[in-house]
Amino acid sequence: MSRRVAMVGLGGQARNDHLPGLDASQHAELVAVCDIDLAQATDAAETWHVPGYTDVARMLQQERPDFIIAAVPHHAGAAVITACAQAGVHVMKEKPFATNPTEAAELAALCASSGIELMVTLQRRFHPVYLAVAGMLDRIGSPYLLDARYTFHCPDPGAGWRGQAKLAGGGCLADMGYHLIDLLIWFVGVPDRVLASTSTAAVPGADYDAEDSAVVHLEYDSGLHGSMLVSRSTGPKTERLTITGPNGSVLVERGAAYLLGSSGDVLDSLVREPAWPASSTVGQIDHFCRVLDGTRPNLSGPVEHLAHAAFLAAAYTSSTTGIPAEPKEFFG
């Protein structure tokens with residue numbers, strides 16, 4: 001069965017990933033686009049030969065899609081999910097799931113009571129390189145050390161709504177850092193304690209309060225500990241996660257995963273050249289179609305992302321108090 005899909009939010013993520021991904025999908029069909037910017041909606045409608053809307057509720061009523069893909073500013077996500085829940089329309093939601101633990105718990109309850117499926121889109125979960133990591137981790141023994149880093153240089157890290165913590169739910173940690181947080185939770189679980197230090201010093205004199213850089217110390221009761229550095233003001237662009245155990249390490253970068261021996265020698269590797277549209281983008285669309293068919297589990301649903309919201313809340317709380325916080329205190 002081909003699923004009828006509408007795209008809500010027509011920024012770069014939609015234009016560069018989701019719309020080409022829908023075009024390449026064999027299980028989904030684009031039937032409408034929507035953006036509060038009339039010019040954006042009109043341009044995308046003409047490009048993809050579908051109706052364009054500026055009002056989500058009206059589009060849902062007129063087109064009755066099976067699901068939408070929402071790629072909207074963080075503060076707008078709750079309203080879009082609510083409109084879909086009221087209309088009985090399923091949602092693929094660009095990360096983050098919510099801007100704080102309270103909102104996350106409310107949205108999770110809303111999805112459950114309305115009976116809609118919601119899957120948070122995290123492309124790495126559908127990329128062959130990251131899927132190979134779990135098997136590699138089995139070979140290094142119980143991990144005791146991790147090092148995570150995701151950086152790039154943005155000329156104005158405080159520009160627009162992303163520079164306002166109230167609208168974005170945070171800065172680089174809540175935005176690009178959400179990918180690293182998801183990988184950590186996926187591979188080694190939720191840490192028992194976090195202690196974060198954040199900065200808005202990249203552009204002296206600029207008026208923004210959403211951090212451009214953050215360093216987070218992580219501790220697990222199992223003995224695993226490590227750190228995470230996230231910055232949208234520091235080049236060169238780097239994305240790397242290393243997890244070390246008594247028998248070696250697993251190093252995963254964008255496009256490559258390596259199993260290393262204790263001395264750093266490469267024992268195994270998987271390198272993947274980029275494709276367009278990315279197989280992970282198409283894969284998550286097709287996977288969600290199968291979730292709706294009842295033939296695949298939803299592994300990135302609202303309940304799972306309560307942990308992500310709790311991680312972020314603990315990090316931001318510890319950054320203001322200077323005291324390590326436990327994510328479990330923030331679970332909804």
Side-chain angles (χ1 to χ4, degrees), residues 9 11-18 70-77 93-100 104 120-127 129-130 146-187 191 194 196-203 206 208-218 226-242 252-256 274 278 280-281 284 300 305 307-316 319:
Q13 193 80 58
R15 294 193 306 270
N16 298 329
D17 290 319
H18 296 302
V72 298
H74 300 174
H75 61 280
K93 169 72 169 64
E94 261 295 333
K95 55 81 185 162
F97 171 50
T99 57
N100 57 66
V120 180
T121 66
L122 290 156
Q123 296 90 334
R124 288 154 185 77
R125 285 198 174 234
F126 298 89
H127 195 288
V129 163
Y130 296 91
L146 65 83
D147 177 59
R149 176 182 296 255
Y150 191 179
T151 67
F152 66 84
H153 176 68
C154 175
D156 189 357
W161 59 267
R162 280 188 168 86
Q164 302 177 54
K166 184 177 180 180
L167 298 181
C172 60
L173 268 181
D175 192 9
M176 53 189 277
Y178 204 87
H179 290 293
L180 271 186
I181 293 169
D182 184 63
L183 291 180
L184 290 174
I185 292 174
W186 182 14
F187 295 146
V194 302
S197 177
T198 61
S199 172
T200 56
V203 185
Y208 65 94
D209 66 347
E211 77 281 354
D212 51 63
S213 302
V215 177
V216 185
H217 180 71
L218 312 164
S227 64
M228 178 171 67
L229 168 64
V230 182
S231 176
R232 58 186 178 203
S233 61
T234 304
K237 186 171 185 176
T238 304
E239 183 179 345
R240 180 184 303 120
L241 170 63
T242 305
V252 58
E253 302 175 305
R254 181 171 293 195
S280 54
T281 300
Q284 65 185 352
S300 190
H305 284 267
H308 299 63
F311 183 112
L312 286 166
Y316 288 132
S319 72

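Bear in mind the structure is a predicted one, so any value in this text is a computation, not a measurement.
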Can you tell me how far the CZ atom of Phe311 sits from the CG atom of Leu184, to the nearest 0.5 Å?
6.0 Å
Begin with the C-alpha distance, continue with both residues' side-chain angles, and end with the deciding distance and a verdict on side-chain contact (heavy atoms from CB on, under 4.5 Å) for His18 and Glu94.
CA-CA 10 Å; His18 296 302; Glu94 261 295 333; 2.8 Å; yes
Which pair of non-hydrogen atoms, one from Val72 and one from Gly9, has the smallest distance, and what is that distance?
CG1-CA, 4.0 Å
When rounded to the nearest 0.5 Å, the distance separating OG1 of Thr121 from CG of Asp17 is 9.0 Å
Using the rule given for side-chain contact (heavy atoms from CB on, under 4.5 Å), can you reason through Met228 versus Leu173, listing the C-alpha separation, both sets of side-chain angles and the distance that settles it, and then say yes or no?
CA-CA 10 Å; Met228 178 171 67; Leu173 268 181; 3.7 Å; yes
Describe, in one word, how the ring planes of His305 and His308 are oriented to each other, choosing from parallel (under 30°), tilted (30 to 60°) and perpendicular (over 60°).
parallel
In sequence, state the C-alpha distance, the side-chain angles, and the governing distance for Tyr130 and Leu241, and then conclude on side-chain contact (heavy atoms from CB on, under 4.5 Å).
CA-CA 11 Å; Tyr130 296 91; Leu241 170 63; over 6 Å; no
Lys95 versus Asp182: any side-chain heavy-atom pair under 4.5 Å?
no
Taking side chain as C-beta onward, heavy atoms only, is Val203 less than 4.5 Å from Tyr208?
yes
Would you indicate whether the side-chain heavy atoms of Tyr316 and Asn100 approach each other to under 4.5 Å?
no
Just by distance, with hydrogens left out, do His179 and Glu239 show a side-chain donor and acceptor under 3.5 Å apart?
no
Leu218 and Pro191: which non-hydrogen atoms are nearest, and at how many Å?
CD2-CG, 4.2 Å
What is the distance from atom CD1 of Ile181 to atom CE of Met176, rounded to the nearest 0.5 Å?
11.0 Å
Show the nearest heavy-atom pair for residues Trp186 and Arg125, with the distance to one decimal.
CB-NH2, 3.4 Å
For residues Ala196 and Val216, report the shortest heavy-atom separation together with the two atoms involved.
CB-CG2, 4.0 Å
Between CG on residue Leu122 and CD on residue Gln284, distance to nearest 0.5 Å:
7.5 Å
Charged N-O contact under 4.0 Å between Arg162 and Asp175
yes
Below 4.5 Å, heavy atoms only, C-beta onward: do Thr198 and Ser213 meet side chain to side chain?
no
Check residues 149-157 and write down every donor-acceptor pair under 3.5 Å in which the side-chain atom is one partner and the other belongs to a residue at least two apart or another chain.
{"residue": "Tyr150", "atom": "OH", "partner": "Arg254", "partner atom": "NH2", "Å": "3.2"}
{"residue": "Thr151", "atom": "OG1", "partner": "Pro236", "partner atom": "O", "Å": "3.2"}
{"residue": "His153", "atom": "ND1", "partner": "Ser233", "partner atom": "O", "Å": "3.2"}
{"residue": "Asp156", "atom": "OD1", "partner": "Gly158", "partner atom": "N", "Å": "3.4"}

Could you tell me whether a side-chain N or O of His74 sits under 3.5 Å from a main-chain N or O of Ala98, the two making a donor and an acceptor?
no
Take Asp212 and Cys172, measure what side-chain contact (heavy atoms from CB on, under 4.5 Å) needs, and give me the verdict at the end.
CA-CA 6 Å; Asp212 51 63; Cys172 60; 5.8 Å; no
Decide yes or no for Val230 and Glu211: does some side-chain heavy atom of the first lie under 4.5 Å from some side-chain heavy atom of the second?
no
